[in-house]
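The structure appears right after this line, and notes come after that.
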Amino acid sequence: MVRIDGAAVAAKVLVETKQRVDALRQRGIQPGLAVVLVGDDPASRAYVRSKDRKAAELGLHSVKEELPADTTQEQLLALVEKLNADPAVHGILVQSPPPPQIDEAAIVRAIDPSKDVDGFHPVNVAKLALEDPTGFVPCTPLGCIRLLQESGIETAGKNAVVVGRSMIVGKPMALLLMKRGPGGDATVTVAHSRTKNLAAVTRAADIVVAAIGRPHFLGADHIREGAVVIDVGINRIDDPSNPKGYRLVGDVDYDAVADRCAAITPVPGGVGPMTIAMLMSNCVTAAERLTA
Ligand code: NDP
């Protein structure tokens, strides 16, 4: 069994990304990332802080915009417009979820697609479906594909089952796996909460991608001998033995399935570190394209 080391692959992506930042800076261009946080959700605040810190570490111009929880749709749209027009900002993301008065889909549509480094704008969703490489692909599924490639796992002709159909993970993951070319060409099945006999569906898979949001949901019954498992889930479960009172686990019961897998990502330390690394890479890509 190979335990796929997401932290090591993420570190490699960040080294490559730093080299691209340095090349841009030699041309007098500093890639800029703007991260917008509305409200004070602690998890969102932590995500924004780590994105801001990573961007600064890589030598990016990092703009952190923190708005109060009672920010109106108009105020947020005005900020997005300002960032769209700012030539020092090449990538923009608005941390999800925003407070309830905000129409998140409308905010995503307001972001200039050429600065949409999360890959959530309808133009970029369409480009992914069209296999048009000029778009941006959501960071988590992009990171999953990179993990498979860096681990030498062939996807062409393999049966891949993606459990979950969100626009952030499951759906783009399925599109990437079925895309023509390296990291793609798989025969893809997408399962979700209405799927009947999920265990039979996932047991037929050479590659299982779990993006469900339920701790330890996939167990030994779901995974066949020799399968590759990519666990996207990040779930908190109570753990009195941990000083924080909780620990993070995936959607897959790692201990129950690891022995039968050809390769598996742990949680934490698997997909998680890849997401932020791919975000940095997407931001540098945006800067390269906008200044070409
Ligand atoms: P969503 O809640 O948006 O989607 C969950 C999906 O799982 C839905 O499609 C849902 O089906 C499906 N599902 C729910 N219950 C079942 C079930 N009983 N059987 C089969 N399918 C089911 O979650 P996300 O896609 O945003 O996130 C998924 C997980 O990945 C979460 O744990 C999240 O924290 C994590 N995550 C991790 C990231 C990282 O960086 N590693 C980044 C983003 C997310 P239906 O559509 O029918 O409701």
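Positions are given from 1 along the sequence. Whatever order the structure lists ligands and atoms in, that order sets their numbers, starting from 1.
Contact record, His216 with Val252: CD2-O, 3.4 Å, taken as the closest heavy-atom pair.
Ligand 1 lies under 4.0 Å from heavy atoms of Thr140, Val163, Gly164, Arg165, Ser166, Val169, His192, Ser193, Ala211, Ile212, Gly213, Arg214, Phe217, Val232, Gly233, Ile234, Asn235, Val271, Gly272, Thr275.
Side-chain contact annotation: Thr265 with Asp231, donor-acceptor N/O pair under 3.5 Å absent. Of the N and O atoms on the side chains of Thr285 and Arg20, at least one donor lies less than 3.5 Å from an acceptor on the other residue.
Salt bridge Arg224/Asp206: present, at least one basic N to carboxylate O contact under 4.0 Å. Between Lys18 and Asp22, at least one side-chain nitrogen of the basic residue sits less than 4.0 Å from a carboxylate oxygen of the acidic one, meeting the salt-bridge criterion.
The 12-atom threshold is exceeded at CZ of Arg27, counting heavy atoms of other residues, nucleotides or ligands nearer than 6.0 Å.
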